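Reviewing the structure listed below.
Keep in mind that what you see is a predicted model, and the values were worked out from it rather than measured. Values below: all heavy atoms of this structure, side chains included; hydrogens, waters and symmetry mates excluded.
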Amino acid sequence: MQSTPAANIVALESLAASFSGRLLTDPADTAPFLTDWMGKWRGKALAVAQPDTTEDAAIIVRWCAAHQVPIVTQGGNTGMVGGGIPDADGRALLLSTRRMRRVRAVDPINNTLTVDAGVTLLEVQQAASAAGRLFPLSLSAEGSCTIGGNLATNAGGVQVLRYGNARELCLGLEVVTADGKVWDGLRGLRKDNTGYDLRDLFIGSEGTLGVITAATLKMVPQPAARMTAMAAVESPHAALRLLALAQQRLSATLTGFELMNDFCMSLAVKHFPACRKPLDTPAPWHVLLESSDPTSEEHARDSFERLMEEAMEQGLLLDAAVAASMAQSESLWHIRHCVGEAQTREGDSIKHDISVPISAIGDFIVATNAALEQASPGIRMVVFGHLGDGNLHYNVAPAEGGSGPAFRALQPLFNGIVYAAITRVNGSISAEHGIGQLKRDKLALYKSPVELELMMRLKTAFDPDNLMNPGRVLP
Ligand code: FAD
Ligand code: MLT
Ligand code: ZN
């Protein structure tokens, strides 16, 4: 039987005794945890609990299990699919990992570091850098998102084509299970074939199987030099030909290959004064590409400039700006990192985080843009993302000044067109942001009955009382 919120408010006193000052119930204190950064979802919670340690987190989960209180884990609250925001019924307890901030160990010989779940991605990168290594997961929200959230969503970002998603960068996890036990799987091993891989089940489970409290992560050597360019191209097809050439010439040193349409560039420039258009040549599409060279600055510059010359000779580029300094490289990346937030500042946008075979992207964009524009003339396409991974943020914005309920009511129409096009090329409806509450009801439409049944059985095995982030990912 589920307890009523009233009974749990009384029971909460027992928890408050151990968590003085770290169990928030005042609406002024809990408000920032109960809505997402885009303002799309609003929830309520019995309380927001802030553990400092794994043992604290285990006490909270055991209390929730004893009182049958749902538990929503939240890290940096930068998620895109409403997975870390509780329902509006106020039954759940929100467990925030933001105070779990210890870097536990750094081992430069094993190339690993072990950190608490609430350490931000930026702090993880900084800890690796202090040890003379690189932690290569990188995304625009890295100053706010936590490593626990990155693993819970199997985050991607801007260097996946070289280093992989969060999953590929994690060797071990520590997790509080749904009944409040602590599983210590913090092994820094590259090889460990000892049965089912629990780590890989928790990664990407969006808080529905357990609370990730710490992780052992892989570090890699730091590059000797980086080269960055913004290239203007005629079409996504030209961008794909540039990608193939860059992979051929730069091989594993190609670490970034991001695409954006002209509207994305204009949005970044309009909403962020520090963003300046890097090229005067008008172009419908831009590619931000980067190499990370292990040898030397000279070698990096030589091979990169040869690539750009060859691309120009082959007619793949309309123009290009190659960064001559770290500051110039950062300002090119700044444009890319501002696109996500710029579209939020512009107004409504109906988002699709899609994955398609790289070879299918050009035709996909042409055909799907045309279908959407025919369905709703005047819309503005916000198309950007990680072309090197076949992952596009394929978003639809209304005509200027057209935000509001009438536009938002078009979501099922747009989703239907985009997801049908994805199905035709055997793509995915969520490349890197996860399912959360945004796409939960779509999952049943795009997964096979066998996949769904196995996922349901796993959920029941790990969380028989359905208390871990219920109603997220699975119906
Ligand atoms: P939250 O938003 O707090 O939570 C996300 C989900 O994980 C929720 O379901 C939550 O319940 C669960 N969760 C969080 N912590 C834990 C834990 N310790 N244990 C168990 N479950 C947990 N994502 C990408 O993949 N690639 C990108 O390039 C990218 N770019 C972004 C750019 C911007 C500007 C923004 C705002 C977001 C971007 N995101 C991107 C989305 C987001 O940053 C990632 O999903 C990130 O991994 C979420 O981390 P978080 O700590 O903020 O998690
Ligand atoms: C990004 O790559 O910038 C994010 O994943 C997408 C977004 O903010 O929409
Ligand atoms: Zn992205």
> Can you list the steps and then say if R306 with E310 is a salt bridge (charged side-chain N to carboxylate O under 4.0 Å, His left out)?
Replying inline: CA-CA 6 Å; R306 260 188 281 121; E310 198 177 343; over 6 Å; no
>> Before you tell me yes or no, could you show the steps for N415 and H352 under side-chain hydrogen bond (donor to acceptor under 3.5 Å, both in side chains), namely the whole-Å CA-CA distance, both residues' side-chain angles and the distance that decides it to 0.1 Å?
In response: CA-CA 8 Å; N415 287 173; H352 306 96; 2.8 Å; yes
>> Is there a side-chain contact between W285 and M260 in this structure, where contact means two heavy atoms from C-beta onward sitting under 4.5 Å apart?
In response: no
> Should E142 and S138 be marked as a side-chain hydrogen bond (donor to acceptor under 3.5 Å, both in side chains) after you check the CA-CA gap, both sets of side-chain angles, and the distance that decides it?
Replying inline: CA-CA 7 Å; E142 61 200 23; S138 174; 3.0 Å; yes
> What are the two closest heavy atoms between V473 and M455, and how far apart are they?
Replying inline: CG1-CE, 4.4 Å
>> Do the side chains of R167 and E432 get close enough for a salt bridge, i.e. N-O under 4.0 angstrom?
In response: no
>> What's the separation between atom OG1 in T423 and atom CD1 in I429, rounded to the nearest 0.5 Å?
In response: 8.5 Å
>> I'd like to know whether E346 forms a salt bridge (charged side-chain N to carboxylate O under 4.0 Å, His left out) with R380, so could you lay out the CA-CA distance, the side-chain angles of the two residues, the decisive distance to 0.1 Å, and finally the verdict.
In response: CA-CA 11 Å; E346 179 73 4; R380 296 175 296 172; 3.2 Å; yes
> Is R345 paired with E341 through a side-chain N to carboxylate O contact shorter than 4.0 Å?
Replying inline: yes
>> One pair to check against side-chain hydrogen bond (donor to acceptor under 3.5 Å, both in side chains): S428 and S355. What are the steps and the verdict?
In response: CA-CA 5 Å; S428 167; S355 199; 5.5 Å; no
> Should F135 and Q126 count as side-chain neighbours, where that means a heavy-atom distance under 4.5 Å?
Replying inline: no
> Do the side chains of T97 and P51 get nearer than 4.5 Å, heavy atoms only?
Replying inline: no
>> Determine whether F263 and V383 satisfy the following criterion, side chain to side chain contact (heavy atoms under 4.5 Å, CB included), listing intermediate values before the conclusion.
In response: CA-CA 8 Å; F263 184 47; V383 182; over 6 Å; no
> Do H386 and V160 come close enough that some side-chain heavy atom pair is under 4.5 Å?
Replying inline: no
> More than 12 non-hydrogen atoms from neighbouring residues, nucleotides or ligands closer than 6.0 Å to CD on E298, yes or no?
Replying inline: no
>> Show the nearest heavy-atom pair for residues D36 and W41, with the distance to one decimal.
In response: OD1-N, 2.7 Å
> What is the distance from atom CG of L289 to atom CG of L259, rounded to the nearest 0.5 Å?
Replying inline: 11.5 Å
> Any side-chain heavy atom of S140 sitting closer than 4.5 Å to one from R336?
Replying inline: yes
> Are T253 and S291 linked by a side-chain donor-acceptor pair shorter than 3.5 Å?
Replying inline: no
> Rounded to the nearest 0.5 Å, how far apart are CG of L161 and OG1 of T255?
Replying inline: 7.0 Å
> Are any non-hydrogen side-chain atoms of L474 and M456 less than 4.5 angstrom apart?
Replying inline: yes
> Salt bridge check: are R226 and D293 linked by an N-O gap of less than 4.0 Å?
Replying inline: no
>> For I335, run the side chain to side chain contact (heavy atoms under 4.5 Å, CB included) check against R276, E258, M230 and tell me which one passes.
In response: M230
>> Using the rule given for side chain to side chain contact (heavy atoms under 4.5 Å, CB included), can you reason through E330 versus T228, listing the C-alpha separation, both sets of side-chain angles and the distance that settles it, and then say yes or no?
In response: CA-CA 9 Å; E330 278 166 12; T228 316; over 6 Å; no
> Is the CE atom of M326 crowded by more than 12 outside heavy atoms at less than 6.0 Å?
Replying inline: no
> When rounded to the nearest 0.5 angstrom, what distance separates CG in L186 from OG1 in T114?
Replying inline: 5.5 Å
> Which heavy-atom pair separates G157 from D389 by the least distance, and what is that distance?
Replying inline: O-OD2, 4.0 Å
>> Using side chain to side chain contact (heavy atoms under 4.5 Å, CB included), reason through L171 and L189 one step at a time and then give a plain yes or no.
In response: CA-CA 6 Å; L171 292 174; L189 305 176; over 6 Å; no
> Going through the distances and angles, do E123 and T120 end up as a side-chain hydrogen bond (donor to acceptor under 3.5 Å, both in side chains)?
Replying inline: CA-CA 5 Å; E123 289 162 345; T120 65; 3.3 Å; yes
> Taking C-beta and beyond as the side chain, do V115 and R101 meet within less than 4.5 Å on heavy atoms?
Replying inline: no
> Taking only residues two or more places apart in sequence or in another chain, which ones pass side-chain hydrogen bond (donor to acceptor under 3.5 Å, both in side chains) with D116?
Replying inline: R104
>> For a side chain to side chain contact (heavy atoms under 4.5 Å, CB included) check, start with the C-alpha distance between I354 and H393, then their side-chain angles and the critical distance, and finish with the verdict.
In response: CA-CA 6 Å; I354 60 171; H393 301 303; over 6 Å; no
> If you look at every heavy atom in V233 and L316, which pair is closest and at what distance?
Replying inline: CG1-O, 3.5 Å
> Judged by modelled atom types alone, do D363 and H237 share a side-chain donor-acceptor pair under 3.5 Å?
Replying inline: yes
>> How close do T208 and D463 get, counting heavy atoms only, and between which atoms?
In response: O-OD2, 3.8 Å
>> For E174, is there any backbone N or O sitting under 3.5 Å from a side-chain donor or acceptor partner on T213?
In response: yes
> Looking at W333, F304, F257, which hits side chain to side chain contact (heavy atoms under 4.5 Å, CB included) with E290?
Replying inline: W333
> Using the benzene-type ring in the case of Trp, are the ring centres of F202 and F462 under 6.0 Å apart?
Replying inline: yes
> When you look at D107 and R133, which way does the salt bridge (charged side-chain N to carboxylate O under 4.0 Å, His left out) test go after all the steps?
Replying inline: CA-CA 10 Å; D107 181 345; R133 300 288 185 273; over 6 Å; no
>> Would you say CD of E305 has more than 12 non-hydrogen atoms from neighbouring residues, nucleotides or ligands within 6.0 angstrom?
In response: yes
>> Out of the candidates F364, Y419, F414, only one should pair with Y394 under the ring pair (Phe, Tyr, Trp, His ring centres under 6.0 Å) rule; please name it.
In response: F364
> Less than 4.5 Å apart, any side-chain heavy atom of R162 and any of P136?
Replying inline: no
> Could you state the interatomic distance from OG1 (T153) to CD (E206), rounded to the nearest 0.5 Å?
Replying inline: 7.0 Å
>> If I compare all heavy atoms of L242 with all of A311, which pair ends up nearest, and what's the gap?
In response: CD1-CB, 3.7 Å
